[in-house]
Structures are given as C-alpha cells and as structure tokens.
Visitor: 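Next up is a structure, given as structure tokens.
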Amino acid sequence: MRLSRYFLPILKETPSDAQIASHRLMLRAGMIRQASAGIYSWLPLGYKVLRRIEQIVHEEQQRAGHIPLLMPTIQSADLWRESGRYDDYGQEMLRIRDRHDRDMLYGPTNEELITDIFRSHVQSYKDLPLTLYHIQWKFRDEVRPRFGVMRGREFLMKDGYNFDLTKEDALHSYNRHLVSYLRTYERMGLQAIPMRADSGPIGGDDTHEFLVLADTGESEVFYDSQITDLKFGDRAIDYDSHDACRAVLEEFTSRYARTDETHDEAEFAKVPEERRRTARGIEVGQIFYFGTKYSEPMGATVLGPDGTRSPVHMGSHGIGVSRLVGALIEANHDDKGIIWPEEVAPFQIGIVNLKQGDTDADAACEGLYQGLKSRGLDPLYDDREERAGAKFATMDLVGCPWRITVGPRGLKNGVVELTSRRTGESEEMSPEAALDRCAQIFAGV
RNA sequence: CGGGCUAUAGCGCAGUCUGGUAGCGCGUUCGUCUGGGGGACGAAAGGUCGUGAGUUCGAAUCUCGCUAGCCCGACCA
C-alpha cells in the first residue's frame, strides 16, 4: 500500500481519554475511533490487524477439527427464558424490543442458540463428537467500559461449543481446546498462560483462563515462574488422541498458576519461594466444561448405542479476538509506538523514501515495493512529501516489524538499510539482497 | 451502581473565579527555502464555546435542567 493513497489518520498528540498504552497507541496510529462509550469503529489499519488475528484463530480452530458457522447477533429472549438465564444475566445484557413488542437481545454469548441448533438437528450418538464455533460480535453492557478495545461493550469473540456423549469425551474436548489455544496464542507471538479460574455466569465445573502478562492487566495473577519457560512450539499433535491432549494439559497446568479469584495462599506457599511470582494479566480466552447445564433444561439429547436417550455433555470456549489487538500492543510496544509480531503485523515491511522526488530514490523504492509484493509480502510504502523524521516517526508508531530505508546517500553506494523495529538494529545491503532477506524473514509466517 | 470530574477549531489546551466582539500549540491548505529522526519563513482556512431554559443592556463566563464522555471503586471476557 502506498501511504499517500491509504487512509491512516495518525495523531501526533495523545487523546486525553486514553489511559493505557494500547488504547493510546491504537488511537494515535489511526486504528480505531470511538463511536460511543466502549464502542469503536475499526479504521483500516486496525481492521487489518483484527482480520489477521481472526484468520489465525480460524486456522487453528479448523486444525483442531472444529467446524465454523455463523449465528446472529440479535437473539430472541425465548431461548434465554428456556435456559433460565434471561432473568439471571442482569443489566449486562442489552435488551431490545422489536416492532411487534417481542423481547429480543443483543447476544452476550451463544450457548442457547447453539444448543437450539444442535437439538433440532442431532439425534444420534453417531453424530458425536461435534464442536461448532463462530467468530461474531457480542455485546455486554458494561457499567464502565474502559481501556479502549480491551474492555469495550461491543467486542469480537470466537466462541465454540462442544457436544459429546460422555463426560470423558467432553473432557477430551476441553483438553483439545486447551492445546489448540496454546498454539493459537503462540502463533500470534503471545505467551498466554492457562490459569485455573472462576466460572462466572457461564457456570460449570472445570475452567481455565488464558492470561497474557502485562502491567496493565485487570487481574492479579500468581504463578510458578517455571511456567513461563514452557513453549508449545511447533510440535505435531494428534487432536483426536485423548492421551496426547491430556499430556499437554498436564504439562501446562501442573504448576501453580491462578488468578486472584481462585488464588490459594497455602497452595502457593508450596512453590519454592524464588519461583513465586505475582503479576498482572490480561484475560484473552477461557475454556469451560459445564456438562449438561444447558442440554438438560433445553432438551439437547441423543440416543446412545444402547437405545437410551441422554443429555449431551457440553463445554464452551472463547477467545477475545478484538481484545487480543489491545493485549498484543500491551505486550509489544515502546515509547515510540507499536512493535507488531511478524505474524499479525498489518503491514510487514515499511519502505521509507528519504527524498521523495529524487529520481534514484523514487525508482529504488518503486522497485522494492513491487518486489516485495511479487514475493507475496504486504509492504507499506511511505511515498508522502514528508521529511525523513516524520516518516520514521510514522513507521515507528504504526509498528511495521521491518523497515527498508532508501535515500540518495546510500544509493550512491548501491545500498539500502534494513532495520528491525524490535531491536533497532540496521544492516546495509543491496536492494535485491533486502528483498531476499524480507522473503526469508517472513517465509515461516 | 456509589464517589469525583470534564465538555471551547480535527487533536491537546488557555480563557470561566472578577460577564463586555474567542485565543495558543499541533494538524490542515497555498508559496518559498529545505531534505538521514516529527525543519524554517510567509500567507490562509477552520469554532451557533455539548444542549435547553433563565438572570442581564450584554453570557464561553452566573443559575437551573438535560445529554455525552472520562477517572476511582464495586462488576466484568
């Protein structure tokens, strides 16, 4: 993309409403614009990141064998009356009345809808196991939205629901989700630690939250420092294998890691003192096993091999897609701006033309721009009539992980400069070599 | 939902106490010089001062209502 033709309304000054880094930087980098309290428009740059994250979530869900669908944002209150949650959910649920005076609501989650779909189409154990998910906007009418997209009222979330014949199968679904979540977050360049959590209004017995460590996190967390050394990496795993998934779960949850909701001082004291850590964390996902909590009242049953009908065992699993944009920035920024991990960067490489209008510089930039695109990369070419300093500041702010700097001075010696946003280290090389290096850097992404 | 605060140009702010023709910085437009980390000079555009009522000869400024937004707490993915 040529910056001169893009829509990137960056701000030089910090809007006074923004308190934390991600909110401030998202506004400054022209990623979002507040529409009303806790509700945001996603401007082109922010939308691009949101889509990258969404794409990774989709790929990893399907890798684990989960099936995508799409349910509506507006739901009928009737289903919620059936599950008993219409009255339980409280003020957080945005209630709407349509022209026929029917009670509707903007869905804060989708257990009721999915259970309704399941019960009307699935009657046999032969159709199990089944895990359906979607990525859809939700609305929770928070009393006090804050921190930009980290705690908005409208948010994009992946929510998935597993249906299994037995508790044992459902627990495998739970474990499988934990494994696939580990992979998902790691692919985004994030470390998210599974911690034992509280089940809240979803209800249920087993639940883990995934937390990204960050000073601005909303929860206080307590953990054994060994846990941050764990990496899922690119190990191959058979998602259908109960044993394999359980082994990963045990590996990642055997050490102490809890949020303040479930924190137990006595248990924590058993961790060697030098490994005890207290920090803050941002919740970016949660998995639940809740058995027959919805299937029983809503009549989601199947016939088993023995001919008897029984309610299915369920769980639900969420990833806060829009919140992840904020969490990623909280975990990846400096005083100059955002530092995107390669996997989610809105633009992978920035090209800075130091002297717009200079024949050699223009031609070299053009060649790099086309060359990167033909290698399947997504560059942002700053071709504006701006001074060098302004262009550098813009690139640093929007956080392209790599930058190619092109100026007449370097071109006299046949070189351009390739700079890592993260380390700040630069290397001079020919334009052709820069193209090859970029292709190599992003080959695995 | 308790407590505190704010609303003046696209953004950040001053002006309000003490009523008298609305200002600064950044950004934007045009021109010239510049050109390796938000450059300089010159010119210009841009505001019914959140909204409604009241007091007054006169209201951004004083009074009351309303709306929106922010912060702390409780709550929450």
Side-chain angles (χ1 to χ4, degrees), chain A residues 9-20 23-24 27-28 30 33-39 89-93 107-110 137-159 181 192 195 197-202 207-212 217-219 259-261 281-288 316-327 335-337 352-358 361 382 384-397 403-412 415-417 419 424 426 428:
Chain A
I10 60 169
L11 302 173
K12 207 161 165 180
E13 279 169 290
T14 303
S16 59
D17 286 354
Q19 304 296 313
I20 64 169
H23 189 195
R24 198 169 62 233
L27 289 168
R28 285 235 294 135
R33 176 174 168 82
Q34 181 166 321
S36 59
I39 302 176
Y89 217 91
Q91 294 284 298
E92 300 231 313
M93 185 154 74
T109 176
N110 289 63
W137 293 93
K138 308 282 191 291
F139 196 92
R140 288 185 196 169
D141 199 0
E142 295 284 343
V143 196
R144 192 183 156 212
R146 63 186 122 170
F147 303 152
V149 300
M150 296 258 287
R151 190 162 163 202
R153 293 194 291 171
E154 189 182 52
F155 56 99
L156 187 62
M157 179 174 167
K158 171 253 142 182
D159 47 321
Y181 277 26
M195 299 197 182
D198 200 44
S199 62
I202 308 284
T207 178
H208 280 90
E209 284 180 343
F210 287 77
L211 286 113
V212 172
E218 74 271 54
S219 331
T259 64
D260 47 8
E261 294 166 331
I282 301 165
E283 192 194 326
V284 293
Q286 187 161 10
I287 55 177
F288 301 90
S316 71
H317 318 276
I319 291 179
V321 174
S322 51
R323 164 176 270 209
L324 269 169
V325 180
D335 54 347
K336 288 185 281 192
V352 169
N353 187 345
L354 292 174
K355 191 167 183 181
Q356 207 68 42
D358 178 274
D382 192 343
R384 297 172 301 164
E385 283 291 340
E386 285 288 346
R387 314 252 318 174
K391 292 189 177 186
F392 287 137
T394 300
M395 282 299 174
D396 289 344
L397 177 61
R403 186 185 77 209
I404 302 177
T405 310
V406 181
R409 197 181 296 173
L411 288 175
K412 278 206 186 81
V415 297
V416 296
E417 195 179 72
T419 307
S426 289
E428 292 196 333

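Labels below follow one simple rule: chain letters A, B, ... track the order of the sequence lines, proteins then strands, and each chain is numbered from 1.
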Visitor: Using atom P of each nucleotide, how far apart are G46(B) and A22(B) to the nearest Å?
Guide: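 Per the computed distance, 15 Å lies between those P atoms.
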Visitor: Whole-Å distance between C11(B) C1' and Q34(A) CD?
Guide: 15 Å
Visitor: Looking at A74(B), which nucleotide sits across from it as a Watson-Crick or G-U wobble partner, both distances under 3.5 angstrom, or is there none?
Guide: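 Result: none.
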Visitor: Between G38(B) and R387(A), is there an OP1 or OP2 to side-chain N/O distance shorter than 4.0 Å?
Guide: no
Visitor: If you take atom types as modelled and just measure distance, does the side chain of E417(A) reach the base of G36(B) with a donor-acceptor pair under 3.5 Å?
Guide: yes
Visitor: Nearest whole angstrom, please: distance from the P of G35(B) to the NZ of K412(A).
Guide: 12 Å
Visitor: Measure from the side chain of S16(A), starting at C-beta and using heavy atoms only, and say which of C26(B), G38(B), C13(B) lies closest.
Guide: C13(B)
Visitor: Of all the nucleotides listed (G37(B), G12(B), G36(B)), which has the minimum atom distance to the side chain of K336(A)?
Guide: G37(B)
Visitor: Write down the distance between CG (L11(A)) and C1' (U28(B)), rounded to a whole number of angstrom.
Guide: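 In whole Å, U28(B) C1' lies 13 Å from L11(A) CG.
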Visitor: For G35(B), does the base pair up with any side-chain atom of R384(A) as donor and acceptor (N or O, under 3.5 Å, distance only)?
Guide: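 No pair found.
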Visitor: Rounded to the nearest 0.5 Å, what's the gap from CE on M150(A) to CD1 on I282(A)? Could you check?
Guide: 3.5 Å
Visitor: Examine C72(B): is either OP1 or OP2 under 4.0 Å from a nitrogen or oxygen in the side chain of Q19(A)? Give yes or no.
Guide: no
Visitor: Could you identify the nucleotide paired to A43(B), looking across every strand shown and requiring Watson-Crick or G-U wobble geometry with both distances under 3.5 Å?
Guide: U29(B)
Visitor: Once you apply the 3.5 Å cut-off to both distances, tell me the Watson-Crick or G-U wobble partner of G36(B), or none.
Guide: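 The base-pairing partner of G36(B), which may sit in any strand shown, does not exist here.
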Visitor: Using 0.5 Å steps for rounding, measure from the OH atom of Y89(A) to the OG1 atom of T109(A).
Guide: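 One gets 6.0 Å once the value is rounded to the nearest 0.5 Å.
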Visitor: Looking at U28(B), C76(B), G37(B), which one has an atom nearest to any side-chain atom of E218(A)?
Guide: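 The answer is C76(B), which lies nearest to the side chain.
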Visitor: Taking R28(A) for its side chain and L11(A) for its backbone only, find out whether a donor-acceptor pair lies under 3.5 Å.
Guide: yes
Visitor: Does R151(A) get its side chain close enough to the base of C76(B), under 3.5 Å, for a donor-acceptor pair?
Guide: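 Donor-acceptor pair under 3.5 Å: yes.
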Visitor: Between C11(B) and K12(A), is there an OP1 or OP2 to side-chain N/O distance shorter than 4.0 Å?
Guide: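 False: K12(A) side-chain N/O out of range (4.0 Å or more) of C11(B) OP1/OP2.
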Visitor: State whether the distance check finds a donor on one side and an acceptor on the other, under 3.5 Å, for side chain E13(A) versus base G25(B).
Guide: yes
Visitor: Using a cut-off of less than 4.0 Å, is there contact between a side-chain N or O of T14(A) and OP1 or OP2 of G12(B)?
Guide: no
Visitor: Does Q91(A) reach a base, just sugar-phosphate, or nothing at all? Heavy atoms under 4.0 Å.
Guide: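 No contact at all - Q91(A) keeps every heavy atom at 4.0 Å or more from the nucleic acid.
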Visitor: Is there side-chain contact between Q286(A) and S316(A), with at least one heavy-atom pair below 4.5 Å?
Guide: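 The answer is no, as the side chains (C-beta and beyond) never meet within the 4.5 Å cut-off.
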Visitor: Can you tell me how far C1' in C41(B) sits from the matching atom in C57(B), rounded to whole Å?
Guide: 46 Å
Visitor: Across the strands shown, which category fits T394(A) at heavy-atom distances under 4.0 angstrom: base, sugar-phosphate, nothing?
Guide: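 The answer is base, as T394(A) lies within the cut-off (heavy atoms under 4.0 Å) of a base atom.
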Visitor: Measure CG/L354(A) against C1'/G37(B) and give the value in whole Å, please.
Guide: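 After rounding, the gap between these two atoms is 10 Å.
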Visitor: Could you check which nucleotide pairs with U48(B) in any of the strands shown, counting Watson-Crick or G-U wobble with both distances under 3.5 Å?
Guide: none
Visitor: Determine the Euclidean distance between corresponding C1' atoms of U61(B) and G23(B); express it in Å to zero decimal places.
Guide: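 Pairwise C1' distance, G23(B) against U61(B), rounds to 15 Å.
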Visitor: Where the side chain of A388(A) is concerned, which of G35(B), G69(B), G36(B) is the nearest nucleotide?
Guide: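 Nucleotide nearest to A388(A)'s side chain: G36(B).
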Visitor: Take atom C1' in G25(B) and the same atom in U21(B), then report the distance between them in whole Å.
Guide: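 Here G25(B) and U21(B) have their C1' atoms 24 Å from each other.
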Visitor: Quick check for you: among C75(B), G36(B), G69(B), whose closest atom lies nearest to any side-chain atom of D17(A)?
Guide: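 My answer, after comparing the listed nucleotides, is G69(B).
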Visitor: Using atom P of each nucleotide, how far apart are U56(B) and G15(B) to the nearest Å?
Guide: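 Per the computed distance, 28 Å lies between those P atoms.
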Visitor: For E261(A) and A74(B), what is the distance between atoms CD and C1' respectively, to the nearest whole Å?
Guide: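 Going from E261(A) (CD) to A74(B) (C1'), I get 14 Å.
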Visitor: If each of L411(A) and A35(A) is mapped to the nucleotide of RNA chain B with the nearest heavy atom, which maps nearer the 5' terminus, i.e. the 5' end?
Guide: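 Going by which nucleotide is closer to the 5' end, it is L411(A).
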Visitor: Choosing from G36(B), C72(B), G35(B), which nucleotide comes nearest the side chain of K355(A)?
Guide: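 Ranking G36(B), C72(B), G35(B) by closest atom to the K355(A) side chain puts G35(B) first.
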Visitor: Let's see if you can work this out: which of C11(B), G36(B), G73(B) has an atom nearest to the side-chain heavy atoms of F392(A)?
Guide: G36(B)
Visitor: I'd like to know if E218(A) pairs up with R151(A) as an ion pair, taking the criterion as any Lys NZ or Arg NE/NH1/NH2 lying under 4.0 Å from an Asp or Glu carboxylate oxygen.
Guide: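 So E218(A) does not pair with R151(A) through a salt bridge.
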Visitor: So if I take every side-chain heavy atom of R144(A) and compare against C72(B), G36(B), U28(B), which nucleotide ends up nearest?
Guide: C72(B)
Visitor: Sub-3.5 Å donor-acceptor pair from the side chain of R140(A) to the main-chain atoms of E154(A), do we have one?
Guide: no
Visitor: G407(A) near the nucleic acid: base, sugar-phosphate alone, or nothing, with a heavy-atom cut-off under 4.0 Å?
Guide: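 It contacts base atoms.
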Visitor: Taking 4.0 Å as the cut-off, does a side-chain nitrogen or oxygen of T405(A) come that near to OP1 or OP2 on G36(B)?
Guide: no
Visitor: Please report the distance separating the P of A43(B) from the corresponding atom of U48(B), rounded so that it comes out in whole Å.
Guide: 26 Å
Visitor: Need one value for G410(A): base, sugar-phosphate or nothing, where a base atom within 4.0 Å counts as base even if backbone is also close, heavy atoms only.
Guide: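 Touches a base.
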Visitor: How many Å lie between CZ on F147(A) and P on C75(B), as a whole number?
Guide: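 One finds 15 Å between P of C75(B) and CZ of F147(A), rounded.
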Visitor: What is the nucleic acid contact for G30(A), judged by heavy atoms within less than 4.0 Å: base, sugar-phosphate only, or nothing?
Guide: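 Result for G30(A) = nothing.
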Visitor: What's the closest nucleotide to the side chain of V143(A) if the choices are C70(B), C1(B), C11(B)?
Guide: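 Between C70(B), C1(B), C11(B), the one nearest the side chain of V143(A) would be C1(B).
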Visitor: For C13(B), which nucleotide in any strand shown is its Watson-Crick or wobble partner with both distances under 3.5 Å?
Guide: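 Base-paired to G23(B).
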Visitor: Taking atom C1' in both G47(B) and A14(B), compute the distance separating them and give it to the nearest angstrom.
Guide: 15 Å
Visitor: Rounded off to whole Å, could you give me the CZ-to-C1' distance for the R24(A) and C71(B) pair?
Guide: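 That distance rounds to 16 Å.
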Visitor: Is the ring pair Y181(A)/H317(A) parallel, tilted or perpendicular, if the boundaries are 30 and 60 degrees?
Guide: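 The arrangement is perpendicular - the two ring planes meet at more than 60°.
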Visitor: How far apart are the closest heavy atoms of E386(A) and A390(A), and which atoms are they?
Guide: OE1-CB, 3.6 Å
Visitor: Does U56(B) have a Watson-Crick or wobble mate here (both distances under 3.5 Å), and if so which one?
Guide: none
Visitor: Could you check Q356(A) against R28(A) and say which one's nearest nucleotide on RNA chain B is further toward the 5' end?
Guide: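 The 5'-side residue here is Q356(A).
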Visitor: When you measure only distances, ignoring hydrogens and angles, does the side chain of D358(A) come within 3.5 Å of the base of G35(B) through a donor and an acceptor?
Guide: no
Visitor: Hunt down the Watson-Crick or G-U wobble partner of U67(B), both distances under 3.5 Å, from any strand shown, or write none.
Guide: A7(B)
Visitor: Would you kindly give the CZ-to-P distance between R146(A) and A74(B), to the nearest whole Å?
Guide: 9 Å
Visitor: Determine yes or no for a side-chain-to-main-chain donor-acceptor pair under 3.5 angstrom, with K391(A) supplying the side chain and N353(A) the backbone.
Guide: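 Flag set: sc K391(A) to bb N353(A) pair under 3.5 Å.
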Visitor: Please examine the side chains of F210(A) and I319(A), heavy atoms only from C-beta on, and report whether any two atoms are closer than 4.5 Å.
Guide: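 Not in contact.
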Visitor: With rounding to the closest Å, how many angstrom separate the C1' atoms on C49(B) and C62(B)?
Guide: 16 Å
